[in-house]
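What follows is a short report on a single structure.
Hydrogens, waters and symmetry mates play no part in the numbers below; they use all other heavy atoms, side chains included. Every chain is numbered from 1, with letters handed out A, B, ... down the list of sequences. None of the values given here were measured: they were computed from a predicted structure.
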Number of protein chains: 2
Amino acid sequence: MDLDTVRTFVAAADAGQFQGAAAELALTQQAVSKRIAALERSLGVRLFTRTARGAELTIDGQAFLPHARELLRVAERAAASVRTGRRPLRVDVIASRGAPSGLMRGFHRAHPEIELDVMMLFGIDTAVAAVRSGAIDASFRAVGMPGRPLPEDIESVRVLDEPLQLLTGPAHALASARSVTLAELAGHRIWMPGLVPGTEWAAYYDGLAAEFGLTIEATGPNFGSDALLDTVADTPALATFMGEQTRLVWPAGHGLRRIPVTGPTPVYPHSLLWHRDHPHPALATLRAHLGAAASGHDAAGTWTPGWVTAR
Amino acid sequence: MDLDTVRTFVAAADAGQFQGAAAELALTQQAVSKRIAALERSLGVRLFTRTARGAELTIDGQAFLPHARELLRVAERAAASVRTGRRPLRVDVIASRGAPSGLMRGFHRAHPEIELDVMMLFGIDTAVAAVRSGAIDASFRAVGMPGRPLPEDIESVRVLDEPLQLLTGPAHALASARSVTLAELAGHRIWMPGLVPGTEWAAYYDGLAAEFGLTIEATGPNFGSDALLDTVADTPALATFMGEQTRLVWPAGHGLRRIPVTGPTPVYPHSLLWHRDHPHPALATLRAHLGAAASGHDAAGTWTPGWVTAR
DNA sequence: CCCGGCCACAACCAACGGTTGTGGCCCTAG
DNA sequence: CTAGGGCCACAACCGTTGGTTGTGGCCGGG
């Protein structure tokens with residue numbers, strides 16, 4: 001199926017005749033006729049009944065028409081997604097189920113007119129390079145990591161401090177705790193596959209482990225969150241950290257527990273990064289939205305690494 | 001933009017290399033290379049970075065990928081909509097804003113897994129012919145109209161009795177009435193453009209007008225519901241009937257009034273029609289849904305034409 | 001250092017998709 | 001009834017597109 005052919009179909013349906021569609025598309029009537037015939041052959045149904053004064057849709061044609069329009073809309077959006085110049089606001093989030101993803105969903109609900117492309121890059125270095133090059137318009141990351149100062153032309157603002165929770169299976173020693181302190185976690189095995197050295201989130205957990213004497217293991221291949229949850233659910237000695245706002249596809253019957261962490265509560269600092277010089281037109285709207293949505297969290301009783309810039 | 005090219009792009013992105021995509025699509029590597037190059041040229045951006053052991057997506061490519069997948073999904077649905085054999089359930093409703101449309105929305109919410117094509121045919125004759133031919137799977141219509149018995153192979157069941165309301169502008173004599181009786185409407189001008197002789201809805205209003213001595217005018221071209229509402233809002237002497245469940249795009253500030261009609265309340269009898277012999281697999285689900293959703297309306301105090309089959 | 005894997009470029013060729021020319025059908029006006 | 005106009009389909013023709021095969025360059029691993 002060819003999109004030009006679909007466009008021709010829609011034009012013919014709107015015009016009610018092939019001739020008119022041909023004029024609109026700067027084609028001959030014969031070309032339109034051939035295109036429609038080809039489309040009908042490929043679909044295996046007749047789309048128009050040809051009459052002496054035009055062509056009108058068959059029932060199959062009527063059924064196909066809205067789908068054809070939708071197809072053209074989607075194609076237009078797809079092309080717009082990579083158009084240089086005015087294109088959808090392209091934002092990098094750290095993971096599809098994480099808190100920044102939720103922030104973007106909220107932004108989309110508040111501003112459905114702003115076209116969005118949400119993507120996931122790998123690590124703050126890639127993200128910063130992409131923001132600097134203009135390939136993306138903004139990124140949610142934790143900034144300030146030692147040895148990786150933000151370039152001068154990148155601006156950032158803290159938009160969300162997300163408390164971490166402990167995730168355990170039902171047989172874990174802490175499974176029935178209402179809450180746990182970081183001190184109580186010393187000696188327990190915390191498993192976080194996917195913690196890649198050199199990334200900002202690895203630096204965060206390294207700092208957390210060092211400061212409170214935790215054992216955080218990043219060993220083993222990262223088979224994705226489903227496999228992680230399965231393993232944690234089945235292994236009494238394993239637990240993992242997870243953002244409070246992380247959306248889980250909670251496997252039914254696994255009995256996974258989310259346990260708040262206190263004394264202090266580790267919070268993951270999400271900042272929005274963007275380029276100082278050539279911001280996307282919709283970026284201001286995003287910043288305003290995030291500023292309004294940011295609840296004034298109290299920093300007391302929480303922990304962030306020393307390298308995180310104060311709010 | 002060509003859908004085969006988009007398919008090639010997705011295959012290459014999934015495979016991580018052109019060679020693998022070529023094998024999957026039964027093409028040569030060179031053909032894939034040319035297609036991708038053509039797509040990049042038409043979009044004006046580079047989608048892959050070519051490396052010695054494959055090709056990986058650029059950021060633009062990553063942004064484009066989900067749109068490309070969506071495009072293929074929509075194309076698949078479009079093709080399925082006219083596929084002979086297993087295809088989406090195709091249902092004819094009397095108007096896009098009317099009650100049957102609402103019933104189908106409810107059905108879709110209850111059964112999002114069932115693919116639907118909702119369409120609007122013209123009159124019960126067209127609808128019955130389409131159902132008999134298998135071109136559509138079901139139709140919502142008022143059945144029993146004099147001289148138009150349903151063919152033997154068409155079955156029907158009453159699914160909704162929709163009370164009619166009077167719609168008036170703010171300056172209409174009845175505008176401030178809490179409710180009106182049919183007797184009170186005698187002498188008032190009821191305007192219903194679009195009431196085409198020979199259709200089942202024209203027969204309905206003809207019967208209504210005859211039995212209660214109403215003046216129903218079908219004169220003038222039907223410029224659509226917006227124009228109708230505008231005129232009714234501005235003309236003190238005009239009113240119109242409208243189904244209780246009809247969704248209006250209520251023009252702000254027009255002061256249109258919806259007034260219940262009583263003594264008796266005219267109700268429009270929506271029946272579901274389908275073919276006795278070769279029903280669509282999902283039709284049973286639709287009938288079950290409509291049966292469950294149908295509130296047991298009390299027929300007392302309501303009016304339907306004599307030709308309407310009892311429930 | 002060489003080999004293997006992968007992609008790009010070039011040359012060639014079939015097939016697709018456009019054009020012009022023409023004929024048939026249907027409706028309308030004279 | 002007939003002539004004419006409007007519209008679509010078919011046929012012939014032709015340029016361009018998109019496929020193939022053949023080949024060369026680049027990069028990484030043994």
Side-chain angles (χ1 to χ4, degrees), chain A residues 1-62 64-65 68 71-72 75 79 122, chain B residues 1-62 64-65 68 71-72 75 79 122:
Chain A
M1 204 188 317
D2 173 39
L3 286 182
D4 277 334
T5 304
V6 174
R7 218 178 308 278
T8 307
F9 166 75
V10 172
D14 288 343
Q17 56 178 38
F18 291 3
Q19 202 102 260
E24 179 145 344
L25 300 171
L27 290 176
T28 60
Q29 163 266 320
Q30 290 86 335
V32 172
S33 176
K34 277 174 90 169
R35 282 188 178 183
I36 301 289
L39 183 60
E40 289 177 329
R41 189 153 19 85
S42 89
L43 291 175
V45 296
R46 192 142 262 259
L47 296 172
F48 288 96
T49 56
R50 280 73 164 170
T51 76
R53 65 179 169 299
E56 56 188 36
L57 288 171
T58 62
I59 289 177
D60 282 314
Q62 291 175 48
F64 187 69
L65 181 57
L71 197 54
L72 297 182
F122 186 81
Chain B
M1 203 189 318
D2 173 40
L3 286 182
D4 278 332
T5 304
V6 174
R7 219 179 306 280
T8 307
F9 165 76
V10 171
D14 288 342
Q17 57 178 37
F18 292 3
Q19 201 104 260
E24 179 147 344
L25 300 171
L27 290 175
T28 60
Q29 163 266 321
Q30 290 86 335
V32 172
S33 176
K34 278 174 90 169
R35 281 188 178 181
I36 301 288
L39 183 60
E40 289 177 328
R41 189 153 18 86
S42 89
L43 292 174
V45 296
R46 192 141 263 259
L47 297 172
F48 288 96
T49 56
R50 279 74 163 169
T51 76
R53 65 178 171 296
E56 57 189 35
L57 288 171
T58 62
I59 290 177
D60 282 315
Q62 291 174 49
F64 187 68
L65 182 57
L71 197 53
L72 298 182
F122 186 81

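- One can place CG of A:Leu27 at 11 Å from P of C:dT20, the figure rounded to the nearest angstrom.
- At C:dC7, none of the side-chain N or O atoms of B:Ser33 fall inside 4.0 Å of OP1 or OP2 (strictly under the cut-off).
- A:Phe18 places its CZ atom 14 Å from the P atom of C:dG18, with the value rounded to the nearest Å.
- If you take CZ of A:Arg53 and P of C:dC27, they are 7 Å apart, rounded to a whole angstrom.
- In this structure, B:Asp4 places its CG atom 12 Å from C1' of D:dG19, rounding to the nearest Å.
- A donor-acceptor contact under 3.5 angstrom links the side chains of B:Thr8 and B:Arg35, judged on distance only.
- D:dG24 atom C1' lies 17 Å from atom CZ of B:Arg50, rounded to whole Å.
- Between the base of D:dG19 and the side chain of B:Gln30 there is no donor-acceptor pair shorter than 3.5 Å.
- Expressed to the nearest 0.5 Å, how far CZ of A:Phe18 lies from CG of A:Leu25 amounts to 12.0 Å.
- Note that the CG atom of B:Leu71 and the CG atom of A:Leu72 stand 9.5 Å from one another [nearest 0.5 Å].
- Rounded to whole Å, the distance from CD1 on B:Ile36 to C1' on C:dC9 is 17 Å.
- OP1 or OP2 of C:dG18 sits under 4.0 Å from a side-chain N or O of A:Arg35.
- Going from atom OG1 of B:Thr28 over to atom CD of B:Gln19 covers 9.5 Å, rounded to the nearest 0.5 Å.
- Residue side chain B:Gln29 does not reach the base of C:dG5 through any donor-acceptor N/O pair under 3.5 Å, judged by distance alone.
- Between the NZ atom of B:Lys34 and the P atom of D:dT16 there is a distance of 15 Å, rounded to whole Å.
- Rounded to an integer number of Å, the gap from CG of B:Leu25 to P of D:dG18 is 16 Å.
- Two residues, A:Asp2 and A:Thr51, neighbour DNA chain C, and the one matched to the more 5' nucleotide by heavy-atom proximity is A:Asp2.
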